[in-house]
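So the structure is just underneath, and the comments pick up after that.
Letters A, B, ... mirror the listed sequences (proteins, then strands); counts begin at 1.
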Number of protein chains: 2
Amino acid sequence: MSTEHEMVRQLSQAGYRVTRARRAVIRALLDDDGYSTPAQIHARARSHDPGVGLVSVYRTLDLLSSLRLARRIHTEDGCHGYASASRGHRHHLLCRRCGAAVEFEGCDLSPLLRRVESETGYAVEEHLLELVGLCPACR
Amino acid sequence: MSTEHEMVRQLSQAGYRVTRARRAVIRALLDDDGYSTPAQIHARARSHDPGVGLVSVYRTLDLLSSLRLARRIHTEDGCHGYASASRGHRHHLLCRRCGAAVEFEGCDLSPLLRRVESETGYAVEEHLLELVGLCPACR
DNA sequence: TTGTGTGCAAAATCTTTGCACTTCG
DNA sequence: CGAAGTGCAAAGATTTTGCACACAA
């Protein structure tokens, strides 16, 4: 999980402006240690900065995703979640009850990938992996 | 990949009626060896049975997903795809260029799961895994 | 100062629901 | 026959776009 400062730095380093709206969305993302819908993020962003529009939330989430500072979360009931993310190759582990999200790394899929590649003839380039379960508090 | 006959049998075995609309959706799913949006599936379903409504496509896809005869496909640009699926624990490998989808099985994640569980305290119950790459034809 | 980014309102999508009519079993 | 399922139209929800204005750098 990144800090606000780091995320802001990454934004500006990538040549994007650090605006009020973007700051508010970043704070909203970090406020919650789970994943949230754009609408929920918008609500929290407004508590930091009441003028933020929903449109900017969408645009900022897209931007942060492209910079890998946020990640899209896929759930069974619609796919409208985002969670803050660290740089590098990470995946999320989600609590199905309270929505808490933690990151983990070190998914070693190479044996699987090699096998699937040779079985199918595909060239595998990326993968989507999410784990779902119960967090310690919800158990 | 299941055949139409198998899918129909599963449907009826589970206590659901085998209707024209459901048959058309099943055929539409099997027509294409990739994943498709509800709208695309609707278009193909209509070629089998012009009277099928989009609503029935949505309802049938939900039903088939719950029976594990179809699976929701998650893509970066929206998450609105479905592909036919075999019963049992399988995952999909998708071609990012043409959308072809093949299933594979035997994802051995247990070492990873055990590690993540002990690191996080979560009880992992399920996982979402999708591979994306280029199919033989698109390479 | 200047062009990137914003908010608003409206448009475009996508998905679900209510309801009378069909149809499968 | 009777309940499950359907199609239509309309409602609801979600996401995108156009555009004048604001404000980071």
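- Rounded to an integer number of Å, the gap from A:Gln40 CD to D:dA13 C1' is 14 Å.
- With sequence neighbours excluded, the residues satisfying ring pair (Phe, Tyr, Trp, His ring centres under 6.0 Å) with B:Phe104 are B:His91.
- Between B:Gln13 atom CD and C:dG25 atom P the separation is 14 Å, expressed in whole Å.
- Applying the salt bridge (charged side-chain N to carboxylate O under 4.0 Å, His left out) test to pairs two or more places apart or on separate chains, those with a residue in residues 16-29 of chain B are B:Glu4-B:Arg23, B:Glu4-B:Arg27, B:Arg20-B:Asp49.
- The distance from atom OH of B:Tyr58 to atom C1' of D:dA11 is 15 Å, rounded to the nearest whole Å.
- Residue pairs meeting the side chain to side chain donor-acceptor pair (under 3.5 Å) criterion with at least one member in residues 104-119 of chain B, sequence neighbours excluded, are B:Arg90-B:Glu105, B:Asp108-B:Ser110, B:Arg115-B:Glu119.
- Considering B:Arg46, B:Arg44, B:Gln40 in turn, B:Arg46 is the only one that fulfils the side chain to side chain donor-acceptor pair (under 3.5 Å) rule with B:His42.
- The salt bridge (charged side-chain N to carboxylate O under 4.0 Å, His left out) analysis of residues 120-139 of chain A, with sequence neighbours excluded, yields the pairs A:Glu125-B:Arg96.
- Applying the ring pair (Phe, Tyr, Trp, His ring centres under 6.0 Å) rule to B:His74 yields the partners A:His74; only residues at least two apart in sequence or on another chain are considered.
- Taking atom CD1 on A:Ile41 and atom C1' on D:dT14, their separation rounds to 14 Å, with Å as the unit.
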Pair up each side-chain donor or acceptor in residues 59-66 of chain A with any protein partner under 3.5 Å, not counting sequence neighbours, and list the distances.
{"unit_1": "A:Thr60", "atom_1": "OG1", "unit_2": "A:Ser56", "atom_2": "O", "d": "2.7"}
{"unit_1": "A:Ser65", "atom_1": "OG", "unit_2": "A:Leu61", "atom_2": "O", "d": "2.7"}
{"unit_1": "A:Ser66", "atom_1": "OG", "unit_2": "A:Leu63", "atom_2": "O", "d": "2.7"}

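- Sorted pairs that involve residues 45-69 of chain A and meet ring-ring contact (aromatic ring centres under 6.0 Å, His included), not counting sequence neighbours, are lacking altogether.
- Atom CG in A:Leu61 sits roughly 15 Å away from atom C1' in C:dG5 (whole-Å rounding).
- At its two ends the helix from C:dT1-D:dA25 to C:dG25-D:dC1 runs along axes set 50° apart, each axis drawn from five pairs and the angle rounded to 10°.
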- What string of B, S and - do you get for nucleotides 1-8 of chain D 5' to 3' if you count protein non-hydrogen atoms under 4.0 Å? -BBBSBBB
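- In this structure, the NE2 atom of B:His42 is 17 Å from the P atom of C:dT13, given to the nearest Å.
- Put simply, B:His80 has no side-chain N or O that comes within less than 4.0 Å of OP1 or OP2 on C:dT13.
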